[in-house]
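In what follows, a single structure is set out as structure tokens and then discussed.
Each residue takes its place number in the sequence, starting with 1. None of these values were measured; they are calculated from a predicted model. Quick note: numbers below take in every heavy atom, side chains included, and nothing from hydrogens, waters or symmetry partners.
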Amino acid sequence: MASIGQIVNPTPGSDALSRARQRAALVPDCLVEAKRIANTVIAGWHGRRKRGIGENFWQFRPYSEGESLSRIDWRRSARDDHTYVREREWEAAHTIWLWCDMSPSMMYKSSYGSVSKESRALVIMLALAEILARSGERIGCPGIMEPASARNAAERLAAALMHTPLTGGLPETAMIRGWSDLVLIGDFLDDAPAIMERLGPLARRGLRGHVVEISDPAEEIFPYSGRTEFTDPESGAKLISGRAEHIREAYRNAYLARRDSLGQSLRHLGWTFATHRTDHLASEALVAVHMYLSGMPAKATHGGQL
């Protein structure tokens, strides 16, 4: 049968520069797409607002006995028989760390997906940077960019990604301090216990985590049949199946069991977990993560997938 997915050979260490150039060439297009998506979904969105000391009006509320009379809004109170206090909004910058996996497995793209997993992860990360920067948040990327509060945070992050050596796997997080949010975007194909061994200590340090699993449709539905050769993009190991359709059910059960185990373990830590397929709109994952960061439950679609 015709090839369903594009085979990606692992890049030898001596050719790491070539792989870095491939990613550098991909980033500008991803930044353009990220800005387009951010502009499409940002209408009507607001930052995570809290009441407190600030300049912007937040809301009116009834006056409570014992409060300072200076806080009363007499103009609003004159409209009816109640006394009201004018509350103001507190806009406090928050540090949000964004990261996406750059492992060779992320380069996979089947004929069922619109883009590679790597391209979709970069678009989601850069779009998040764009939206969060507009809300005044401090944006950083572990090992790549220190947190910064700037309107051009997405451009800064894109430039840093273009000039950073290729790395895969989960990021180093020793530089992350205090109560921050960490958004991890990747395919997370390792065993759930191995992933949780890395993420568990982060939760105990007080980090709020949000994990987005990116998958290609072929990885879920396993559309292969007949004699099929599978190649591990990480190690180059090969597996030949004489009748691939005979292992479809066992594969899908194992794939979904790994995902369920990871999701349950993350939620047990108080972290959020969402899945996103590359044949769906990138804006779906973007909206979901933004809602998680805002402290609101995201609405799942397609059987819990985004």
(request) Could you tell me whether Arg248 and Glu245 have a side-chain N and a carboxylate O separated by less than 4.0 Å? (result)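 Glu245 and Arg248: not salt-bridged.
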Does the side chain of [X] reach to within under 4.5 Å of the side chain of [Y], using non-hydrogen atoms?
X	Y	answer
Leu126	Glu130	no
Ile131	Glu137	no
Thr173	Arg198	no
Pro142	Glu172	no
Glu118	Leu26	yes
Met125	Leu157	yes
Glu220	Arg259	yes
Trp271	Val211	yes

From [X] atom [atom1] to [Y] atom [atom2], the distance as rounded to the nearest 0.5 Å:
X	Y	atom1	atom2	value
Ile96	Leu132	CD1	CG	4.0 Å
Arg208	Leu202	CZ	CG	14.5 Å
Cys141	Trp99	SG	CH2	9.0 Å
Arg138	Ser149	CZ	OG	7.5 Å
Tyr112	Thr278	OH	OG1	12.5 Å
Cys30	Leu122	SG	CG	4.5 Å

(message) With salt bridge (Lys or Arg N to Asp or Glu O under 4.0 Å) as the criterion, how do Arg277 and Asp279 come out once you've worked through the C-alpha distance, each side chain's angles and the decisive distance to 0.1 Å?
(response) CA-CA 5 Å; Arg277 273 177 29 172; Asp279 59 339; 2.8 Å; yes
Could you check whether any side-chain N or O of [X] sits under 3.5 Å from a backbone N or O of [Y], counting only pairs where one atom can act as donor and the other as acceptor?
X	Y	answer
Arg36	Leu31	no
Glu219	Asp216	yes
His280	His276	no
Lys109	Gly113	yes
Arg205	Ile176	yes
Asp80	His82	yes
Ser283	Leu281	no
Ser103	Met106	no

Determine the minimum heavy-atom distance between [X] and [Y], stating which atoms define it.
X	Y	result
Gly236	Thr231	O-CG2, 4.1 Å
Phe188	Val212	CE1-O, 3.4 Å
Ser261	Ala192	OG-CB, 3.6 Å
His210	Thr272	ND1-OG1, 2.9 Å
Lys117	Ile214	CD-O, 3.7 Å
Ile37	Ala282	CD1-CB, 3.5 Å

(message) Under a 3.5 Å threshold, yes or no: a donor from one side chain and an acceptor from the other, between Asp187 and Ser105?
(response)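 Yes, Ser105 and Asp187 have a side-chain donor paired with an acceptor closer than 3.5 Å.
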(request) Would you tell me whether Thr275 and Glu213 have side-chain atoms, one donor and one acceptor, within less than 3.5 Å of each other? (result)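 Thr275 vs Glu213: no donor-acceptor pair found between side chains.
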(request) Take Ile139 and Leu98 through the side-chain contact (heavy atoms from CB on, under 4.5 Å) test and state the conclusion after the steps. (result) CA-CA 7 Å; Ile139 308 301; Leu98 306 176; 3.8 Å; yes
(message) Ring of Tyr255, cation from Arg258 - is the NZ or CZ under 6.0 Å from the centre and inside 45° of the axis?
(response)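 Pair Arg258/Tyr255 counts as cation-pi.
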(message) Distance to the ring centre below 6.0 angstrom and angle to the axis at most 45 degrees; does that hold for Arg76 and Tyr84?
(response)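 Yes, Arg76 sits over the ring of Tyr84.
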(request) Quickly, which of Leu199, Leu266, Ile195 forms a side chain to side chain contact (heavy atoms under 4.5 Å, CB included) with Leu184? Name it, please. (result)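 Running side chain to side chain contact (heavy atoms under 4.5 Å, CB included) over Leu199, Leu266, Ile195 with Leu184 returns exactly one hit, Leu199.
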(request) Determine the interplanar angle of the Phe230 and Tyr224 rings, folded into 0 to 90°, and report it as parallel if under 30°, tilted if 30 to 60°, perpendicular if over 60°. (result)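 Phe230 vs Tyr224 ring planes: perpendicular.
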(request) Please name all residues satisfying salt bridge (charged side-chain N to carboxylate O under 4.0 Å, His left out) with Arg156, sequence neighbours left out, ordered by chain then number. (result)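 Arg156: no salt bridge (charged side-chain N to carboxylate O under 4.0 Å, His left out) contacts found.
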